[in-house]
Amino acid sequence: GLAVALLLASCASSVEKVTEGTGPLQFQGYSIAPPSGPGWEMLRTADVAMFGKGTASGSHTFAATVVRHRNLDPASVGYADYWSNPKVFAAYVKEAGERANPPGSRNRIIQHDVVADAGFGYCAREYLKSEDSGSPLAPHVLVQEDWGYSCLHPEDSRSIVQVVFSERGLPGESDPAAVEVREAFFAGFEFARPAPAAASPAVGSPPVAAPTVDVLFVVKESLRDGVRK
């Protein structure tokens, strides 16, 4: 599998300015509205939208991401009931985050909480706080916080859609006003009404074994820098 950052590097997408009033972006089966406020930039592919925003300090940045991971096979890594047991699904999402941040890697996990959540459907809600020691933006260790949801696509139990909002900066650089932007970004996400006949197993139906490598464990590395300046 490939991380989103590599996917974006291999496609023809270019950075776009996000203008106020930009409507929801449409993807296959769901939509997302860009984050509110000035200064946001975007990269987009068929399954990924990455938004980034910098600040005057250079070390304090924001990112907002929606990505659809296809052809996943959680059963192959010990989560056979992920599609029918929300707690098993949440455990799968939690392990994915920890595999993406192993001991000795760029980000050291300080706190990682994942719980089942039905806010957008069949989902897990996640909070991850880590120390980033490898940022090209500053010589100091930065603190990164990620809030997000990982949801099974309602028409495909082998696809997971992740919606994540991240803030990173030096200690003390967090912005309380970002909470409103974050919550509005989540509120701008919506699954489309499922089609009458799905081409692949819907949530609640036993999934067909997927032949491809599970990429959810490596894709979170892309949330390090994204399109941040």
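The first residue of the sequence shown is numbered 1, and numbering continues consecutively from there.
If you chain together hydrophobic residues whose side chains sit under 4.5 Å apart, I32 and F186 fall into the same group.
Here the straight-line distance linking atom CE of M50 with atom OG of S166 works out to 9.0 Å at 0.5 Å rounding. Taken from CZ in F89 to OH in Y82, the straight-line distance is 9.0 Å, to the nearest 0.5 Å. Of the inter-residue distances, the one linking L152 atom CG with S159 atom OG reads 9.0 Å to the nearest 0.5 angstrom. Distance check: N101 CG to L128 CG gives 6.0 Å after rounding to the nearest 0.5 Å. With rounding to the nearest 0.5 Å, the separation of NZ in K53 from OG1 in T61 is 11.5 Å. Rounded to the nearest 0.5 angstrom, E167 CD and L142 CG are separated by 11.5 Å.
Within 6.0 Å of CD in E183 there are more than 12 heavy atoms belonging to other residues, nucleotides or ligands. The neighbour count for E190 CD, taken as heavy atoms of other residues, nucleotides or ligands under 6.0 Å away, does not exceed 12.
Two rings, from F120 and Y122, have their centers 6.0 Å or more apart. Residues Y30 and F27 bring their aromatic ring centres within 6.0 Å.
Checking S130 against Q144 by side-chain atom types alone, no donor-acceptor pair falls below 3.5 Å. Remark: the Y127 side chain and the Q111 side chain contain no N/O donor-acceptor pair separated by less than 3.5 Å. Between S57 and E173, the side chains place a donor N or O and an acceptor N or O closer than 3.5 Å (distance only, hydrogens not considered). H153 and Q28 share no side-chain donor-acceptor pair at under 3.5 Å.
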> Could you walk me through whether L170 and H140 pass the side chain to side chain contact (heavy atoms under 4.5 Å, CB included) check?
Replying inline: CA-CA 8 Å; L170 294 170; H140 307 290; 3.6 Å; yes
>> side chain to side chain contact (heavy atoms under 4.5 Å, CB included), that's the test. Do V77 and R99 meet it? Break it down for me.
In response: CA-CA 12 Å; V77 288; R99 285 198 182 191; 4.3 Å; yes
> Which is it for Y149 and E126 under the side chain to side chain contact (heavy atoms under 4.5 Å, CB included) test, yes or no, and what are the steps along the way?
Replying inline: CA-CA 6 Å; Y149 295 84; E126 182 174 13; over 6 Å; no
>> side chain to side chain contact (heavy atoms under 4.5 Å, CB included) for K129 and V143? Distances and angles first, verdict last.
In response: CA-CA 7 Å; K129 184 176 183 179; V143 176; 3.8 Å; yes
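Here the shortest heavy-atom pairing between P86 and S84 reads CD-O, 3.7 Å. Counting all heavy atoms, side chain and backbone alike, A33 lies closest to F185 at O-CD1, 3.5 Å. The heavy-atom pair separating W40 from G37 by the smallest distance is CD1-O, 3.3 Å. Residues I109 and G97 approach most closely at CD1-O, 4.3 Å, considering heavy atoms. In terms of heavy atoms, A178 sits closest to F62 at CB-CE2, 3.6 Å. Here the closest heavy-atom approach between residue A116 and residue A90 is recorded as N-CB, 3.8 Å.
At distances below 3.5 Å, not a single donor-acceptor pair connects side-chain atoms of S133 with backbone N or O atoms of V141. Here the side chain of K17 pairs no donor or acceptor atom with the backbone of M42 at under 3.5 angstrom.
Partner of D47 under the side-chain hydrogen bond (donor to acceptor under 3.5 Å, both in side chains) criterion, out of R70, H69, R68: R70 alone.
Counting heavy atoms from C-beta outward, V66 and V161 have side chains that approach closer than 4.5 Å.
Ion pairing between a basic and an acidic side chain is recognised when a charged N comes within 4.0 Å of a carboxylate O; R168 and D132 show such pairing.
For residues 55-119, the set of pairs meeting the disulfide bond (SG atoms under 2.5 Å apart) definition, not counting sequence neighbours, is empty.
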